[in-house]
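Bear in mind the structure is a predicted one, so any value in this text is a computation, not a measurement.
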Amino acid sequence: MHAETHEEATPRRRTRRHDPNRRERIAQVAEELIAERGLEGLTHRAVAERADVSLSSTTYHFADREALIRAALERAADRFAAFVRQWASDHTGATPEAVAEALADSVMACLGEGRTAAVVEYELHVAALRRPELREAASLSAQTSIEAMTPLLGPVVAATIPPLMTGLCLHAMTAPVPPTREEVLTILTHALRPAL
């Protein structure tokens, strides 16, 4: 057997393409990992592997783990704000009964296609409990919801929606037997009664 040449023994470095969206992709992958593994599973190395970038790229864009967490939270908050504004626009002029029906559908979505986004949002809200620098971004979703719901339901009822939806979604996602849509709708209808 002959010895490997230096060229054969040295692994070839992958040529990296021009990647103007690298920072955004790294933040997206941070969200994905938080959804899959929780905050404990979020590391620069795991993000680099999933995003197919070098470890130095992740630390270039996000100096430490806290910066990754903050970026994921801000990304989730921005996405939710865009969603709830569109939701409110789509329901302009809807009756409170119709709003309750639509909110019940949103809770049930947390058990299906909306589960990943909900898990990320809740993981990052819990992170804000111990990280004061995250609290402004963490509160954005509630503020946006209240602003969007106020024209539909009035300021008092609108202010009850964010904590109510958080509780309903968390309960639905963690209960051994998730509530039915009818059960969720009953709770929402009762909560929205002042606007009915």
- Query: Applying the 4.5 Å side-chain criterion to the ILVMFWY set and letting contacts propagate, would L185 and M173 be lumped into a single cluster?
  - Reply: no

- Message: Quick check: closest heavy atoms across T58 and I26, and the distance to 0.1 Å?
- Response: CA-CD1, 4.0 Å

- Note on the structure: To the nearest 0.5 Å, atom CD of Q28 lies from atom CG of L33 at 10.5 Å

- Task: Can you tell me which residue pairs pass the side chain to side chain donor-acceptor pair (under 3.5 Å) test with a partner in residues 70-83, sequence neighbours excluded?
- Result: E24-R75, E31-R75, E31-R79

- Item | For I69 against A127, the heavy-atom pair lying closest together | CG2-CB, 4.4 Å

- Query: How long is the span from the CZ atom in R130 to the CZ atom in R135, to the nearest 0.5 Å?
  - Reply: 10.0 Å

- Shortest non-hydrogen contact from A100 to T189? CB-OG1, 4.1 Å

- Here the gap from R131 atom CZ to E66 atom CD, rounded to the nearest 0.5 Å, amounts to 4.0 Å

- Message: I'd like to check W87 versus V99 (side-chain heavy atoms, cut-off strictly below 4.5 Å). Are they in contact?
- Response: yes

- Task: Hey, could you give me each pair passing salt bridge (Lys or Arg N to Asp or Glu O under 4.0 Å) that has a residue in residues 101-110? Not counting sequence neighbours.
- Result: E101-R181, D105-R181

- Item | Heavy-atom pair of closest approach, residues L73 and A138 | CD2-N, 3.9 Å

- Query: Got a sec: does the CD of E136 have more than 12 other heavy atoms crowding it under 6.0 Å?
  - Reply: no

- Item | Distance in Å, E36 CD paired with R50 CZ, rounded so as to fall on 0.5 Å steps | 4.0 Å

- Where A104 and L188 come nearest, the two heavy atoms and their spacing: N-CD1, 3.4 Å

- Query: Do you know the tightest heavy-atom contact between M108 and P179?
  - Reply: CE-O, 3.6 Å

- Message: Test of understanding: with side chain to side chain donor-acceptor pair (under 3.5 Å), list the residues that count as partners of S56, not counting sequence neighbours.
- Response: S54

Side-chain polar contacts of residues 143-170 - donor-acceptor pairs under 3.5 angstrom, sequence neighbours left out - could you list them?
from, atom 1, to, atom 2, distance (Å)
Q143, NE2, S139, OG, 3.2
T144, OG1, L140, O, 2.8
S145, OG, S141, O, 3.0
T150, OG1, I146, O, 2.6
T160, OG1, V157, O, 2.6
T166, OG1, P162, O, 2.9

- V126: hydrophobic cluster co-members (side-chain, 4.5 Å): L129

- Does T186 offer a backbone N or O that forms a donor-acceptor pair with the side chain of H190 under 3.5 Å? no

- Query: If only atom types and distance count, is the side chain of R65 paired as donor or acceptor with the main-chain N or O of L42 below 3.5 Å?
  - Reply: yes

- Sorted by chain and residue number, the side chain to side chain donor-acceptor pair (under 3.5 Å) partners of E123 (sequence neighbours excluded) come out as none

- Query: Is H61 reaching over with its side chain to a backbone N or O of A27, donor-acceptor style, under 3.5 angstrom?
  - Reply: no

